[in-house]
Amino acid sequence: MPAITLPDGSVRRFDGPVTGTEVAASIGPGLARAALAMKLDGQLVDLSRSIEDDAAIVFVTRKDPDALGMIRHDTAHVLAEAVQSLYPGTQVTIGPSIENGFYYDFARNEPFTPEDFPAIEARMREIIGRNAAFEREVWDRDEAIAFFETKGERYKAELIRDLPGTETITMYKQGDWIDLCRGPHMRGTGDVGTAFKLQKVAGAYWRGDHRNPMLTRIYGTAWRDQKELDAYLQQLEEAERRDHRRLGREMDLFHIQEEAAGSIFWHPKGWKLYRAAESYVRRRQDAAGYVEVKTPQLVDRVLWERSGHWDKYREHMFVAHVEDEKRTLALKPMNCPCHVQIFNHGLRSYRELPLRMAEFGACHRYEPSGALHGIMRVRGFTQDDAHIFCTPDQIADETAKFVDLLSSVYRDFGFDSFRVKFADRPDERAGDDATWDRAEGALREACAMAGVEYELNPGEGAFYGPKLEFVLRDAIGRDWQCGTLQVDFVLPDRLDASYIADDSSRQRPVMLHRAILGSFERFLGILIEQYAGRFPLWLAPVQLVVASIVTDAEPYAEEVAEAFRARGLSVVVDGRNEKINAKIREHSLQHVPIIAVVGRKEAEGRTVALRRLGGQAQEVLSLAEALDGLALEAMPPDIVRSATPNR
RNA sequence: GCCGACAUAGCUCAGGGGUAGAGCAACUGAUUCGUAAUCAGUAGGUCCUCGGUUCAAUUCCGAGUGUCGGCACCA
């Protein structure tokens, strides 16, 4: 005698078990048509599920947020059926919904190509047109294994074998096609709709493990309707336009070439941007009580052996040999062991702690070829690195200070939000469990104190300690770890760092490894995409173009440019024999923030006509006014703040 | 590193077993023009590298390198 509570609080009573479909029908034909699934006491289930006890249900229709995931999951099933009917012998594995779409991993000797997509999509439309109901069946575990094994579906059989014994084995049927699936699904294949598109093929290791065979993955996207799909596809195109690799070429910021794969040639404009970011971070760190150092590029392997890096990362290190040296030198892949050398040079007192040692440290790592990505993932990069040597009870305070600094820096660069992940102990690690308990505990406590909200990233910590990862997202939707804070009790021990405590005893400091931008290369890549090349004035590599209209105005144009340069702006004069329209167009396409147009009028009146990127309006100012105004506007945000203490 | 695709002028791209083409950019000349493309002309290539097949390879085949999309990796 189930009593069903609906979202409006009303209760409907039924004489016996009912399905969601029946409940919806009892409420009205409109709902019966619209309901795709239901939330049964908060859990998303099939509409056909029978309800035997009192329950609260919420119907899920196409406009609900939950519907999207179901549409995508169901589309993946339809894809799998289509592929198996077109390419017999292909084994199915898994096919989840993901952000913006879905994928399905297939095992087949011959890989798919995008040329196969039209045929597959056509077959998918047929399957959707048939609108076969998704039927849920509970199977016996051994029967299910035997079923898939006879069909030659060894991946599915393996999946079932590895499911915990308590798990109910459910199968979903859509017409003649049947698949192992946890569900839930919508009513039938017709509910998928037509707003889907196969996007790309890719290799993917079975169960994400590189020791396993590689499967062929087909990625697709699916939406509620064509309008949503079109909007998404358009968004992808726009993302492509702001790809840092494209903008880097178009704006002449940097290039990468074969002879130095994974290393960046910074061009004058790119380097200007780089230096603006570097100077800014240096000022912020100076102000935050850091001392800056510079340590060697080439360091004897014995130091890396002591630190533990040689053992764990040898194959990712660039090693240098010279004819008459017996030593093996390695290009530093990180700065921490070098910083400990400076810390160890002389006797340290507890009075010096916390000692915040910063370095714009150029590092090299032999990254796997497939990992390289524009300037975001490279083999030669520079970290805005620092190590804070402190006592255990300073960890929380230093963490809070660091998070404050990082948030403020990110805000100044235009990132108002970012994600924080807490990565705890990995399987392969240095240090005993007690040390890890201590380090993780300290970091957790520090987060609580600093009010940092994070998601857990289990097992992803550094080998010497747990870490906070500060994650930013690029234009194409990929997440990148930029900032980090790592608590380390291990390295100080391995490299024998110590200080004299207030009771004259010798103590080990704790090291906090931290970076705000992470690497300049990666951060600038994301920054380029964040602004789509249209940088705020303080970061723009060319801040002002003075464009002359007629040759007569050129001497004045040069004078204007000189005057702005004297105020610290980066200025280019465009005195070419081109129409002003052409000049405006070209510099606008180059994303120059401000164009000062000067013709006879301006030369005579000693004014400038300013035109801002993205606008059509022009603002005519006296040269003196313009100089003051733009000089102020071009100030980095931290300098603006220090000049105006009330802000 | 693994799976797949791709590599032709500075850029975007077309082409195809008989040593290559467009648009934009560049250069030269004319034009001196008021807020997103002035006109005309000129020049520009180891068709990624190495090997193989062939009378002949930039084109077909193989290997390598790099890039791109994923996966794995990321101190």
Side-chain angles (χ1 to χ4, degrees), chain A residues 103 105 110-115 199-219 243 245-246 249-250 252 255-262 304 307-313 315-317 332-337 363 365-374 376-379 383 385 426 428-430 460-465 467 469 476 478 480-481 484 486 488 491 513 518-519 522 547-554 577-589 595-602 609-618:
Chain A
Y103 67 77
D105 286 347
E110 209 181 316
F112 297 102
T113 72
E115 281 91 79
Q199 291 175 295
K200 50 197 175 192
V201 291
Y205 296 109
W206 167 234
R207 298 192 143 179
D209 188 327
H210 65 97
R211 289 164 300 196
N212 285 339
M214 184 152 275
L215 309 171
T216 298
R217 174 172 298 181
I218 296 180
Y219 280 97
D243 189 310
R245 292 165 296 190
R246 179 178 173 142
R249 189 173 51 241
E250 289 174 354
D252 195 20
H255 86 269
I256 297 175
Q257 68 186 45
E258 200 166 333
E259 292 81 355
W304 306 111
S307 71
H309 291 99
W310 186 262
D311 192 36
K312 193 160 190 316
Y313 290 108
E315 66 278 21
H316 297 288
M317 289 167 68
K332 70 172 168 186
M334 47 174 359
N335 308 298
C336 28
C363 297
R365 296 178 185 174
Y366 186 72
E367 300 284 8
S369 55
L372 301 179
H373 178 87
M376 308 270 226
R377 184 84 183 266
V378 286
R379 290 179 175 153
Q383 296 176 314
D385 202 6
E428 250 186 89
R429 56 181 181 259
E460 295 296 321
F463 75 90
Y464 48 71
K467 63 177 180 181
E469 303 172 332
I476 333 178
R478 293 187 254 218
W480 297 92
Q481 181 199 308
T484 186
Q486 304 166 9
D488 182 2
L491 264 190
H513 307 240
S519 90
R522 172 175 297 180
S548 60
I549 296 178
V550 291
T551 314
D552 290 352
E554 258 181 72
N577 180 4
E578 283 292 346
K579 289 191 161 181
I580 193 64
N581 284 308
K583 294 185 183 182
I584 300 257
R585 176 181 153 81
E586 280 175 35
H587 300 302
S588 298
L589 289 173
I595 301 172
V597 177
V598 298
R600 286 202 186 87
K601 260 194 307 195
E602 286 75 16
L610 299 185
R611 180 199 165 101
R612 286 174 186 267
L613 181 59
Q616 273 109 43
Q618 48 175 324

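Every chain is numbered from 1, with letters handed out A, B, ... down the list of sequences. Only this structure's heavy atoms are used, side chains among them; waters, hydrogens and symmetry mates stay out. Quick caveat: nothing in here was measured; it's all calculated off a predicted structure.
- The gap from the P atom of B/G44 to that of B/A22 amounts to 13 Å, rounded to the nearest Å.
- The nearest whole Å value for the distance from the CD1 atom in A/Ile218 to the C1' atom in B/G69 is 14 Å.
- If you check every strand for non-hydrogen atoms under 4.0 Å, A/Lys583 touches nothing.
- A/Glu602 comes within 4.0 angstrom of a nucleotide base, judged by non-hydrogen atoms across all strands.
- The gap from the C1' atom of B/G29 to that of B/G66 amounts to 42 Å, rounded to the nearest Å.
- Of the candidates B/G34, B/A37, B/G4, B/G34 carries the atom nearest the A/Val597 side chain, counting heavy atoms from C-beta on.
- Remark: the separation of the C1' atoms in B/A75 and B/G62 is 39 Å, to the nearest Å.
- Rounded to whole Å, atom P of B/C48 lies 21 Å from atom CD1 of A/Ile256.
- The nearest whole Å value for the distance from the CE atom in A/Met334 to the P atom in B/A75 is 8 Å.
- Residue whose closest nucleotide on RNA chain B sits further toward the 5' end, between A/Asp209 and A/Glu586: A/Glu586.
- Straight-line distance between the P atoms of B/G41 and B/C47: roughly 29 Å, to the nearest whole Å.
- Salt-bridge check for A/Arg211 with A/Asp209: passed, with a basic side-chain N closer than 4.0 Å to an acidic carboxylate O.
- For A/Arg478, the side-chain atoms get nearest to B/G70 when compared with the rest of B/G70, B/U32, B/U35.
- Atom name C1', nucleotides B/G15 and B/U19: the rounded distance is 15 Å, in whole Å.
- B/A75 has its base stacked against the ring of A/Tyr313, the centroids being under 5.5 angstrom apart at an interplanar angle below 30°.
- Across B/U8 and B/C33, the matching P atoms stand 44 Å from one another, rounded to whole Å.
- For the pair A/Arg217 CZ and B/C3 P, the interatomic distance rounds to 16 Å; values are reported in whole Å.
- As judged by a 4.0 angstrom heavy-atom cut-off over every strand, A/Gly208 is placed among residues touching the sugar-phosphate backbone only.
- As the counterpart of B/G34, no nucleotide is assigned, since no Watson-Crick or G-U wobble pattern has both distances under 3.5 Å.
- Considering only side-chain atoms of A/Arg611, the nucleotide from B/A36, B/C73, B/G4 that sits closest is B/A36.
- Of the residues near RNA chain B, A/Val598 and A/His309, the one whose nearest nucleotide (by heavy atom distance) lies more toward the 5' end is A/Val598.
- Rounded to a whole angstrom, the distance from the C1' atom of B/C6 to that of B/C74 is 26 Å.
- A/Arg365 has its CZ atom 5 Å from the C1' atom of B/A75, to the nearest Å.
- Rounded to whole Å, the distance from NE2 on A/His316 to P on B/A72 is 15 Å.
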